[in-house]
Protein chains: 2
Amino acid sequence: MTTGLGTSPARTSYRHGDLRRALIEAGVDLAGEGGPSAVVLREATRRAGVTPSAAYRHFADRQALLDAVCSSCQALVARAIEADQARIHCDDAAEAARLRFRAVGTGYLRFALEEPGRFQTAFSASSDLESATSSARAGEHGLTPFQLLTVALDDLVTEGLLPAQRRPAAEFLAWSAVHGLAELFIDGPLRALPDPVKQTLITRVIDMVEQGL
Amino acid sequence: MTTGLGTSPARTSYRHGDLRRALIEAGVDLAGEGGPSAVVLREATRRAGVTPSAAYRHFADRQALLDAVCSSCQALVARAIEADQARIHCDDAAEAARLRFRAVGTGYLRFALEEPGRFQTAFSASSDLESATSSARAGEHGLTPFQLLTVALDDLVTEGLLPAQRRPAAEFLAWSAVHGLAELFIDGPLRALPDPVKQTLITRVIDMVEQGL
DNA sequence: GCTGGTATGTGTACGTTGTGCACATGTGAG
DNA sequence: CTCACATGTGCACAACGTACACATACCAGC
């Protein structure tokens with residue numbers, strides 16, 4: 001399902017065509033199978049049908065490949081959030097803003113539970129504030145997960161649901177709570193919890209953020 | 001500073017004496033220098049003045065060593081929390097309980113900022129709910145970080161600061177927020193923030209938890 | 001249309017890591 | 001004193017990241 005066919009028809013020619021993209025895709029597959037540590041340069045080249053050294057024509061080193069894979073995975077997170085937001089149909093503008101805000105959390109956590117390997121990879125590479133807004137990490141609307149959260153909070157202020165004086169740095173507070181829960185789920189003590197209980201916790205954490213912001 | 005002298009006087013005899021402990025200590029040093037990925041079996045044996053294979057008399061594999069190192073690091077987190085709690089002097093029992101609760105957060109985050117490598121290592125290995133209460137991870141009072149949080153929350157209920165019906169699972173909500181902020185600080189987008197700003201965020205996250213629980 | 005330069009992939013090699021297995025050496029129980 | 005067991009050594013192997021010289025395909029300019 002992951003190898004060959006659509007992407008690389010067992011390449012006949014010397015040239016590959018789009019090796020860079022192929023390596024990133026292989027890397028994202030590997031990330032899904034075993035998290036960031038499973039993104040192994042040699043295995044990625046193997047899946048692309050290419051010699052290990054070939055990777056160095058497109059990436060400075062393994063970390064550079066991992067960074068690219070990480071960006072792709074963040075884009076997947078953005079899409080998950082967008083998917084949850086797209087299902088909202090609400091006439092009341094204020095309530096709609098509130099639901100969009102909550103959807104950032106539910107989409108984020110849904111992705112963490114459905115794709116733990118890719119989720120961990122998405123946030124494994126150290127990124128600073130500017131790279132958190134790089135377009136390589138964006139979803140369909142061109143926004144990164146972080147930017148989606150920022151927009152949702154701005155809308156809360158616009159709709160009068162969040163006092164303006166509490167707006168500064170609010171994205172970091174919300175992100176902390178939601179991301180922390182994801183970590184607890186993925187390889188923290190809450191890993192073995194049955195799914196319904198997890199869903200309850202997701203709701204409660206988002207409640208806490210909404211009330212405590 | 002880390003090698004030899006106090007711990008291993010360049011061993012003269014064939015036997016080491018307490019290799020298991022020496023390997024864990026070397027591992028904790030390595031964790032402090034470069035996080036979980038830096039705790040490398042061969043380097044640990046090197047620092048203990050011993051052949052790589054010797055490690056396998058005490059640990060099944062590298063992961064087993066890392067687990068032990070992780071437990072030691074969690075014990076350090078517990079001590080950091082205990083240290084913050086010990087500085088509280090307050091006659092009002094309710095206020096004291098509230099401060100002890102907040103000290104769990106400040107101690108946890110202080111350790112994360114002071115010892116990022118060891119902090120990451122402490123929570124790198126996947127642990128379930130029972131191992132989160134293992135005595136190897138406990139501080140001076142015999143309680144793990146997680147148990148310290150649990151006790152602090154129980155006290156909040158006792159003092160009437162937290163409604164009993166909101167008590168269940170509250171440790172997971174609080175842990176999520178605080179741990180998530182730590183991640184943002186260590187290798188998330190908030191890494192480069194000046195220290196005073198970080199301190200402000202710490203206060204605000206704990207405020208959020210207190211208010212949102 | 002040929003030719004040469006550049007981008008891209010190959011082959012080979014080196015050092016490092018985790019780990020298994022046969023062997024050596026201490027240490028304590030009988 | 002001796003022998004079994006625990007513990008450390010030596011050597012080997014596969015996998016990984018990475019460097020470097022070489023081979024090949026494509027593009028520009030004549």
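Lettering of chains follows the sequences in order, A, B, ..., and the numbering in each one begins at 1.
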**OP:** Return the 5'-most residue of the pair A:Glu43, A:Arg57 with respect to DNA chain D, ranking by each residue's nearest nucleotide.
**Re:**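 The residue whose closest nucleotide sits nearer the 5' end is A:Glu43.
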If I take atom [atom1] in residue [X] and atom [atom2] in nucleotide [N], what distance separates them, rounded to the nearest angstrom?
X       : N      : atom1 : atom2 : value
A:Leu65 : D:dT18 : CG    : P     : 10 Å
A:Leu19 : D:dC26 : CG    : P     : 15 Å
B:Asp18 : D:dT7  : CG    : P     : 10 Å
A:Leu41 : C:dG9  : CG    : P     : 13 Å
A:Leu23 : C:dT8  : CG    : P     : 13 Å
A:Arg20 : C:dG9  : CZ    : C1'   : 17 Å

Of the listed nucleotides ([options]), which one gets closest to any side-chain atom of [X]?
X       : options               : value
A:Tyr56 : D:dT18, C:dG11, C:dT8 : D:dT18
B:Val50 : D:dT9, C:dG18, D:dT18 : D:dT9
B:Arg62 : D:dT9, C:dT19, D:dA21 : C:dT19
B:Ser53 : C:dG20, C:dG9, D:dG8  : C:dG20

**OP:** Establish, with yes or no, whether the OP1 or OP2 oxygen of D:dC16 is under 4.0 angstrom from a side-chain nitrogen or oxygen of A:Arg46.
**Re:**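 Checking D:dC16 against A:Arg46, a side-chain N or O does come within under 4.0 Å of OP1 or OP2.
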**OP:** First locate atom CD1 of A:Ile81, then atom CG of A:Leu149, and finally report the distance between them rounded to the nearest 0.5 Å.
**Re:**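 So the gap between those two atoms works out to 7.5 Å.
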Original post:
Would you say the side chain of A:Leu153 lies within less than 4.5 Å of the side chain of A:Leu213, judging by non-hydrogen atoms?
Top reply: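 Contact flag for A:Leu213/A:Leu153 side chains = yes.
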Subject >> Check: A:Gln63 and A:Leu66 side chains under 4.5 Å, non-hydrogen atoms >> reply: yes
Original post:
On DNA chain C, nearest-nucleotide positions of A:Arg42 versus A:His58: which is more 5'?
Top reply: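 The residue closer to the strand's 5' end, by nearest nucleotide, is A:His58.
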Original post:
Between A:Tyr108 and A:His179, what is the ring plane arrangement, given parallel below 30°, perpendicular above 60°, and tilted in between?
Top reply: perpendicular
